[in-house]
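Data first, discussion second: the structure below is written as structure tokens.
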Amino acid sequence: MSLWGGRFIKDNNVEFKKFNDSLKIDYKLVEEDIKVSISWSYMLYTINVINFKEYNIIFKNLNLILNKVKNNKSLILKSNEEDIHSWVEKQLVMNIGYLGKKLNTGKSRNEQITTDLKLWCKKKIKEMIIIIKKLQISFLNLAYNNKNVIFPGYTHLQRAQPITFAHWCFSYVEMINRDINRLKKILKRLDYNPMGSGALSGITYKIDRDLIAFILGFSKSTNNSLDAVSDRDYVIDIINSASIGMIHLSRLAEDLIFFNTNEVGYISLSDRFTSGSSLMPQKKNPDILELIRGKCGRVQGSLNNILFILKGLPLSYNKDMQEDKKCLFDAIKTWKDCINITNIILKNIKLNYKKCKKSIFYGYLNATELADYLVNKGIAFREAHDITGKIVLEAIKKNISLEKLKLYEMKKFNNIINIDIYKYLDAYSCLDKRNIKGGVSSNQIKIYLKKKIKKIYIK
Ligand code: ARG
């Protein structure tokens, strides 16, 4: 029988029951649900609904139930119960009889499901922060192992200025650092205990809400019972974090797909992480990266799901909200899988040093240096830009790089240019002149690496 069967004369239609039940999704919350139930039974003891001996029996048996399924949660799925709350209560009554029927005193599933879900989100956020940090460490290692590799930085997918591979790695360390900070903020925002809100309007039992908040690991209790049972902002927040995190991974995937093309070949992916074509024997495809890019779309879909589920929902609890878990679980799992696989990719990337270096000499990446050189000699930047543009055009006509132009050829455009220009045009000097916080010079790379290693390992 269901938890609410009393006022029903007929059994549920089989199709309706299948449609309505949520056990096949929310069974994953069994640990959280039992934790909440144990703390609730303690609250019942504090207000004398049960005595200490009875509390102990409930405590022991709820733990026994948890231990039975902890390592194989799918055992729960053999049951025909409506949801995880009904399943736990049913198991308890089966174990301890009539006393088990007291567990639900003053407790509603509306408050319990959101409490379970908040606890689950807290657990997952902590896990996600750890694996994002691992990814940062892989980027730092990759940067350290290739710290002298120079290659083109791009804008509009056109070669723009020389950068180092380490500098590129650090840009992703920064990007995913924001993912960590975003998650940390969510931890603070969801840190309110809903238990004690009842179905929607609070409860008549005088439990100490701050005590149950403390037992469950929340720092405070919610301030309004209607809001408490209907708030799913934290679900939006966490899926939103997953969406942004996946955007970051898909941009990384796209960078790596490009670096791995036959056209540029800055990196090569190992045979172990690429696949072939069933028709074209020569192919070695970066499917792994394309999948990350594709899965990003799925997570954006989950964000849309939760936003549309909640849009226009009247207060307070509505069954629509049961649909929140599928997209939440899928988004977090997909994000987690993609971070883990990205980490493996990073550990196995091989740089093609020759191709990286060679690419610097095509595409006039040192044109800005020529303009800056002219500025240093007193020419206004706009004019310097114009002169440099004309010199670049000349080099393009001759099909050579800027530094291959003879001095007299450059002088034709402005006589102020002297032999010291060649020092300016050297790719490594382009890097080291950018010795400014966040810049690409080897000095800044050293400073960044030291700072980050300290932060990531010590925190
Ligand atoms: N299974 C529901 C959910 O996931 C929780 C129970 C909701 N309460 C109710 N009265 N149906 O949202």
Side-chain angles (χ1 to χ4, degrees), residues 1-8 11-13 15-37 39-40 69 73-74 76-77 79-93 101 103-124 190 192-203 216 222 224-239 302 305-333:
M1 194 168 95
S2 64
L3 295 180
W4 34 262
R7 63 97 67 214
F8 287 76
D11 278 346
N12 267 165
N13 168 284
E15 290 307 313
F16 164 71
K17 179 165 166 47
K18 231 166 89 189
F19 188 68
N20 186 53
D21 289 357
S22 58
L23 188 66
K24 59 182 181 303
I25 304 287
D26 58 30
Y27 76 97
K28 290 188 178 154
L29 299 173
V30 64
E31 277 178 70
E32 289 74 20
D33 200 75
I34 288 184
K35 190 174 174 185
V36 173
S37 294
S39 29
W40 190 254
V69 294
K73 289 186 189 148
S74 50
I76 299 171
L77 296 176
S79 146
N80 198 28
E81 289 304 320
E82 180 184 343
D83 57 23
I84 190 61
H85 323 295
S86 339
W87 184 83
V88 170
E89 193 176 320
K90 178 78 177 285
Q91 297 296 308
L92 189 65
V93 173
K101 297 190 176 190
L103 176 68
N104 230 34
T105 315
K107 168 165 84 61
S108 160
R109 289 182 295 164
N110 297 355
E111 57 183 342
Q112 185 158 4
I113 189 61
T114 186
T115 311
D116 291 1
L117 209 51
K118 279 187 168 184
L119 292 177
W120 186 89
C121 286
K122 278 172 85 166
K123 178 174 82 184
K124 286 292 155 182
L190 64 69
Y192 291 81
N193 154 54
M195 293 307 291
S197 301
L200 75 160
S201 62
I203 50 173
L216 289 172
T222 51
N224 179 287
S225 56
L226 281 180
D227 178 54
V229 296
S230 51
D231 171 26
R232 292 295 183 277
D233 289 2
Y234 59 95
V235 180
I236 302 179
D237 268 346
I238 187 167
I239 302 183
S302 290
N305 269 354
I306 187 66
L307 291 172
F308 279 87
I309 288 165
L310 295 173
K311 182 199 164 292
L313 266 194
L315 289 182
S316 58
Y317 180 83
N318 295 274
K319 199 59 173 265
D320 314 44
M321 281 143 90
Q322 180 163 291
E323 292 294 311
D324 59 0
K325 282 168 265 333
K326 211 171 181 174
C327 50
L328 172 66
F329 294 165
D330 187 67
I332 297 300
K333 183 174 185 318

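Whatever order the structure lists them in is the order used to number ligands and atoms, beginning at 1.
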Is it the case that the side chain of [X] and the backbone of [Y] share a donor-acceptor pair, with hydrogens and angles ignored and the cut-off at 3.5 Å?
X	Y	result
Asp231	Asp233	yes
Glu111	Gly198	yes
Gln112	Asp33	yes

### Non-hydrogen side-chain atoms of Leu117 and Asp324 separated by less than 4.5 Å
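Heavy-atom side-chain distance check passes, below 4.5 Å.
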### Query
Restricting to pairs with a member in residues 22-32, which pass salt bridge (charged side-chain N to carboxylate O under 4.0 Å, His left out), not counting sequence neighbours?
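Of all non-adjacent pairs touching residues 22-32, those that pass salt bridge (charged side-chain N to carboxylate O under 4.0 Å, His left out) are Glu31-Lys73, Glu32-Lys123.
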Expected rows: ligand 1 N/O, protein N/O, dist below 3.5 Å:
| unit_1 | atom_1 | unit_2 | atom_2 | d |
| --- | --- | --- | --- | --- |
| ligand 1 | 1 (N) | Ser22 | OG | 3.2 |
| ligand 1 | 1 (N) | Gln322 | OE1 | 2.7 |
| ligand 1 | 4 (O) | Lys325 | NZ | 2.8 |
| ligand 1 | 8 (N) | Asn110 | OD1 | 2.9 |
| ligand 1 | 10 (N) | Asn110 | OD1 | 3.4 |
| ligand 1 | 12 (O) | Tyr317 | OH | 2.5 |

### Query
Does the side chain of Thr114 come under 3.5 Å of the side chain of Tyr317 through a donor N or O and an acceptor N or O?
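No donor-acceptor contact under 3.5 Å links the two side chains.
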